[in-house]
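One structure is given here, and the rest of the page talks about it.
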Number of protein chains: 2
Amino acid sequence: MSPRKFFHPDVADLTLHRILFALSDPTRLTVVSELMRTGECASGDLLAESVPRSTMTHHLKILREAGVTRTRPEGMRCLISLRREDIDARFPGLLDAILTHGGAESSAP
Amino acid sequence: MSPRKFFHPDVADLTLHRILFALSDPTRLTVVSELMRTGECASGDLLAESVPRSTMTHHLKILREAGVTRTRPEGMRCLISLRREDIDARFPGLLDAILTHGGAESSAP
DNA sequence: TACGATGTACGACGAAAATCGTACATAAAC
DNA sequence: GTTTATGTACGATTTTCGTCGTACATCGTA
């Protein structure tokens, strides 16, 4: 009956270099850009490209454990969202600066 | 007579994920914060901590090849500086957002 | 030229990351 | 309970990264 638990770091535990590392991968940058556009997104809908499930799970875990995203189980699926307020509170302007241009270049490795 | 050449990527070749990766290491984040404070810095002056020369060279190379810093030979030494205008031109607000809080947390891994 | 100072290049080593297949867990519907 | 859909956990493999010692290159000066 355990409704699937996911670890989310506390706002105070967010570190800049962990967040930057989480965003330093093209695949993860694409995911975050997509989340920026859609607000909340089912994990499966992020799977459009040629990325296997387990690989996407891996990337989502890194984003979540860095405090970039929040994962919320909803029935069979997992809804992913950006922790915008939390990151903005700790590192103001960071997400804005990154996501303004994140979508444009994330497809050009 | 070759006055030591260093590769610096063109502004158009800067990519977000490379820059973010370069900044995702605590040591390199400290270096960049220091450059932010001092403007231009001799490579040896960044060596204050317990980081061997060759390790610092490695980190400075990663920063330089990501387009974050510029290396200018000056006599025996190397002067390092931030490519602020270039990065600001390509990713406005990014350096500001990162460096505002970069110094405070880079010492807490 | 020789010397000392500053930095780089190269190689080796261990640690961590990226990828992905397979097996397992959860939830809804039948 | 069985089936199907969705996603995670685990393990194996390959690649990359971070660290650092040693050898080499460059620059100024004696």
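Below, chains carry the letters A, B, ... as their sequence lines are ordered, and counting in each starts from 1.
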Closest non-hydrogen atoms of B/Ala22 and B/Val68, given as atom of the first, atom of the second and distance, are CB-CG2, 4.2 Å
Candidates C/dG4, D/dG7, C/dT8 - which lies nearest the side chain of B/Arg53: C/dT8
Distances under 3.5 Å between protein N/O atoms and the N/O atoms of nucleotides 15-18 of chain C, please, pair by pair.
| residue | atom | partner | partner atom | Å |
| --- | --- | --- | --- | --- |
| C/dA18 | OP1 | A/Arg28 | NH1 | 3.4 |
| C/dA18 | OP1 | A/Arg28 | NH2 | 3.2 |
| C/dA18 | OP2 | A/His58 | NE2 | 3.4 |

For the backbone of A/Thr71 and the side chain of A/Arg64, can you confirm whether one donor and one acceptor N or O come within less than 3.5 Å of each other? no
B/Leu60 CG to D/dT19 C1': how many Å, rounded? 15 Å
Could you tell me whether a side-chain N or O of A/His8 sits under 3.5 Å from a main-chain N or O of A/Phe6, the two making a donor and an acceptor? yes
What donor-acceptor contacts under 3.5 angstrom involve side-chain atoms of residues 51-63 of chain A, with partners at least two apart or in another chain?
| residue | atom | partner | partner atom | Å |
| --- | --- | --- | --- | --- |
| A/Thr57 | OG1 | A/Arg53 | O | 3.1 |
| A/His59 | ND1 | A/Arg28 | NH1 | 3.2 |

Can you measure B/Phe6 atom CZ to D/dT26 atom C1' for me and round it to whole angstrom units? 10 Å
Rounded to whole Å, please give me the gap between CG in A/Asp45 and P in D/dG7. 8 Å
Among D/dG21, D/dA5, D/dT8, which nucleotide sits nearest the side chain of A/Met76? D/dA5
Can you tell me how far CD1 of A/Ile80 sits from OG of A/Ser43, rounded to the nearest 0.5 angstrom? 5.5 Å
How long is the line joining CD of A/Glu65 and C1' of D/dA9, in whole Å? 13 Å
How close or far is atom P of D/dT29 from atom CZ of B/Arg77, stated in whole angstroms? 13 Å
OP1 or OP2 of C/dG21 sitting under 4.0 Å from any side-chain N/O of A/Ser54? no
Classify A/Thr57 by what it touches in the nucleic acid, base, sugar-phosphate, or nothing, heavy-atom distance under 4.0 Å. base
Contacts of type side-chain hydrogen bond (donor to acceptor under 3.5 Å, both in side chains), residue A/Glu65, not counting sequence neighbours: none
Length of the line joining B/Lys61:NZ and C/dG11:C1', which is rounded to integer Å: 13 Å
Could you please spell out the steps behind the side chain to side chain contact (heavy atoms under 4.5 Å, CB included) verdict for B/Leu99 and B/Ser33? CA-CA 6 Å; B/Leu99 294 180; B/Ser33 295; 4.3 Å; yes
Nearest-Å distance, CG (A/Leu79) to P (D/dT8)? 11 Å
Taking atom C1' of C/dC20 as reference, at what distance in whole Å does atom CG of A/Leu47 sit? 13 Å
